[in-house]
Protein chains: 2
Amino acid sequence: MTLEGLRGQAWRRLARGVADRRSAARHPTLATVALDGGAEARTVVLRAVDVASAMLEFYTDRASAKAVELQRMPRAGLHVWDARVRLQIRLRLLVSPLPEEEALARWRQVPARSRPAYGGDPAPGQPLSHAEDYTDAVDPERFLPLRCQVQAMELLHLGAALQRRALFERRDGFAGRWLAP
Amino acid sequence: MTLEGLRGQAWRRLARGVADRRSAARHPTLATVALDGGAEARTVVLRAVDVASAMLEFYTDRASAKAVELQRMPRAGLHVWDARVRLQIRLRLLVSPLPEEEALARWRQVPARSRPAYGGDPAPGQPLSHAEDYTDAVDPERFLPLRCQVQAMELLHLGAALQRRALFERRDGFAGRWLAP
């Protein structure tokens with residue numbers, strides 16, 4: 001397998017995450033730097049992939065901890081283990097809010113049944129007396145679509161005989177180089 | 001479901017990760033703070049869980065980037081999405097090397113076929129001219145078993161009708177409280 005072949009496979013698997021809700025890349029794990037300086041991780045839903053520009057999108061609630069964390073430290077990690085092709089995809093991202101006009105366009109595409117994910121009361125992570133003491137609500141101001149510029153993509157392919165590891169970086173057009181696994 | 005019930009389920013699923021290599025918690029995602037200040041994530045193998053003391057273990061190569069990152073910032077995150085019970089488990093960890101005597105005891109239990117994971121030449125992440133230009137080697141000095149004290153466990157259960165989110169913290173004996181999802 002060549003560097004180009006491996007890179008192409010990773011992008012195809014990521015793109016599949018947007019198209020196919022059963023694919024591994026549909027629900028990557030987002031790693032951020034927490035306010036206390038440690039690291040945090042949680043599942044997000046991959047919403048868009050643009051291979052040509054090496055950009056991704058996911059959405060969050062503006063009142064969530066990760067929105068606050070990303071505002072303070074926009075360098076995040078994204079992780080996918082795609083068991084089907086035995087490929088670990090690790091992305092280093094630079095995350096920023098979509099410009100207002102594009103954010104509005106995204107909001108219009110969010111189905112009515114999904115809109116209550118943005119605007120719950122109390123806000124995500126706030127204490128509750130009982131598990132069910134929250135109300136779903138729709139608040140377009142709370143909808144925060146995030147754009148992720150892929151700075152680097154590190155791949156680890158667990159082949160039957162060989163482990164292949166490679167790093168692709170934006171600064172040289174994702175040309176790629178092999179690393180020791 | 002009570003706080004205690006939810007907490008118990010999460011610990012059972014984590015313990016299952018050690019016993020059953022096909023369970024979700026076998027391969028959690030570890031989030032660390034990278035040397036550039038951003039966040040990184042990669043798969044690790046869960047090696048031990050002690051529920052009573054709320055401690056976990058995983059192993060790495062001392063020459064790996066994550067070993068260096070954890071030495072600098074020992075506050076890490078661990079993430080499991082257990083689809084079978086629709087439970088997201090997020091742990092905040094304080095990570096430290098096992099004392100030498102215990103590390104030696106762990107090494108003796110590593111099967112011969114797994115030992116080449118610790119000691120490859122060149123070291124993990126070093127550049128290679130070709131994907132296969134590395135040699136598996138066994139170097140007990142490179143074996144680094146890590147102990148993770150669980151500082152907090154945040155759970156999100158995606159029930160059919162209700163999302164339940166709860167936070168359990170070491171400082172109050174993991175008593176737990178509900179949070180807005």
Side-chain angles (χ1 to χ4, degrees), chain A residues 1-3 6 27-34 36-43 63 69 73-79 81 83 88 90-94 120-136 151 154 156-157 161-167 177-181, chain B residues 1-3 6 27-34 36-43 63 69 73-79 81 83 88 90-94 120-136 151 154 156-157 161-167 177-181:
Chain A
M1 189 181 283
T2 62
L3 283 165
L6 188 59
H27 295 110
T29 304
L30 174 76
T32 54
V33 179
D36 73 355
E40 287 275 358
R42 84 290 284 156
T43 300
E69 290 167 1
M73 170 42 77
R75 288 203 294 278
L78 202 74
H79 174 272
W81 164 248
Q88 174 177 252
R90 296 171 61 192
L91 304 177
R92 292 174 209 147
L93 305 175
L94 192 61
D121 179 36
Q126 294 302 307
L128 303 179
S129 305
H130 303 283
E132 64 276 21
D133 277 358
Y134 69 95
T135 315
D136 281 338
Q151 301 292 306
E154 193 175 317
L156 178 65
H157 180 249
L162 194 70
Q163 297 190 5
R164 286 183 184 84
R165 182 176 176 182
L167 176 65
R177 52 203 169 96
W178 298 110
L179 303 182
Chain B
M1 189 181 283
T2 62
L3 284 164
L6 189 59
H27 295 110
T29 304
L30 174 76
T32 54
V33 178
D36 73 354
E40 288 276 357
R42 83 289 284 157
T43 301
E69 290 167 1
M73 170 41 77
R75 287 203 294 277
L78 202 74
H79 174 272
W81 164 246
Q88 175 178 252
R90 296 172 60 192
L91 304 177
R92 291 175 209 146
L93 305 175
L94 192 62
D121 179 37
Q126 294 302 305
L128 303 179
S129 304
H130 302 283
E132 63 276 21
D133 278 358
Y134 68 94
T135 315
D136 281 339
Q151 301 293 307
E154 193 175 317
L156 179 65
H157 179 250
L162 194 70
Q163 297 189 4
R164 287 182 184 82
R165 182 176 176 182
L167 176 65
R177 52 201 169 96
W178 297 111
L179 303 182

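This structure is a prediction, so every number in the text was calculated from the model and none was measured. Side chains included, hydrogens not; waters and symmetry mates left out as well; all remaining heavy atoms used. Each chain gets a letter, A, B and so on, in the order the sequences are listed, and its residues count up from 1.
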message: Measuring only between side-chain heavy atoms, which start at C-beta, is Leu91(A) closer than 4.5 Å to Glu154(A)?
response: no

Donor-acceptor pairs under 3.5 angstrom involving side-chain atoms of residues 123-136 of chain A: please list them, not counting sequence neighbours.
from      : atom 1 : to        : atom 2 : distance (Å)
Asp133(A) : OD2    : His130(A) : N      : 3.4
Tyr134(A) : OH     : Gln163(B) : N      : 3.1
Tyr134(A) : OH     : Gln163(B) : O      : 3.3

query: Between Pro74(A), Ala41(A), Gly77(A), which shows the greatest number of heavy-atom pairs under 4.5 Å with chain B?
result: Ala41(A)

task: Among the options Thr43(A), Leu162(A), Leu93(A), pick out the one with the most heavy-atom pairs lying under 4.5 Å from chain B.
output: Thr43(A)

- request: Tell me, for Glu40(A) versus chain B, whether the close heavy atoms (under 4.5 Å) come from the side chain, the backbone, both or neither.
  value: both

field: Under 4.5 Å from a heavy atom of chain A, the part of Thr32(B) involved
entry: backbone

message: Heavy-atom pairs under 4.5 Å with chain B - which of Arg164(A), Arg92(A), Met73(A) has more of them than the others?
response: Arg92(A)

message: Suppose we screen for salt bridge (charged side-chain N to carboxylate O under 4.0 Å, His left out). Which residues come up paired with Glu69(B), at least two apart in sequence or across chains?
response: Arg42(B)

- request: First locate atom CD of Gln151(A), then atom CG of Leu94(A), and finally report the distance between them rounded to the nearest 0.5 Å.
  value: 5.0 Å

query: Is a side-chain donor or acceptor of Arg90(A) paired with a backbone partner of Leu78(A) at a separation under 3.5 angstrom?
result: no

- prompt: How long is the span from the OG1 atom in Thr29(B) to the NE2 atom in His79(A), to the nearest 0.5 Å?
  reply: 4.5 Å

message: Taking every non-hydrogen pair under 4.5 Å, which of Gly37(A), Ala34(A), Pro122(A) racks up the most with chain B?
response: Gly37(A)

query: Which residue out of Asp36(B), Leu3(B), Leu156(B), Leu6(B) racks up the most heavy-atom pairs below 4.5 Å with chain A?
result: Asp36(B)

- line: Of Ala31(A), Pro181(A), Ala76(A), the largest count of non-hydrogen pairs under 4.5 angstrom with chain B goes to Pro181(A)

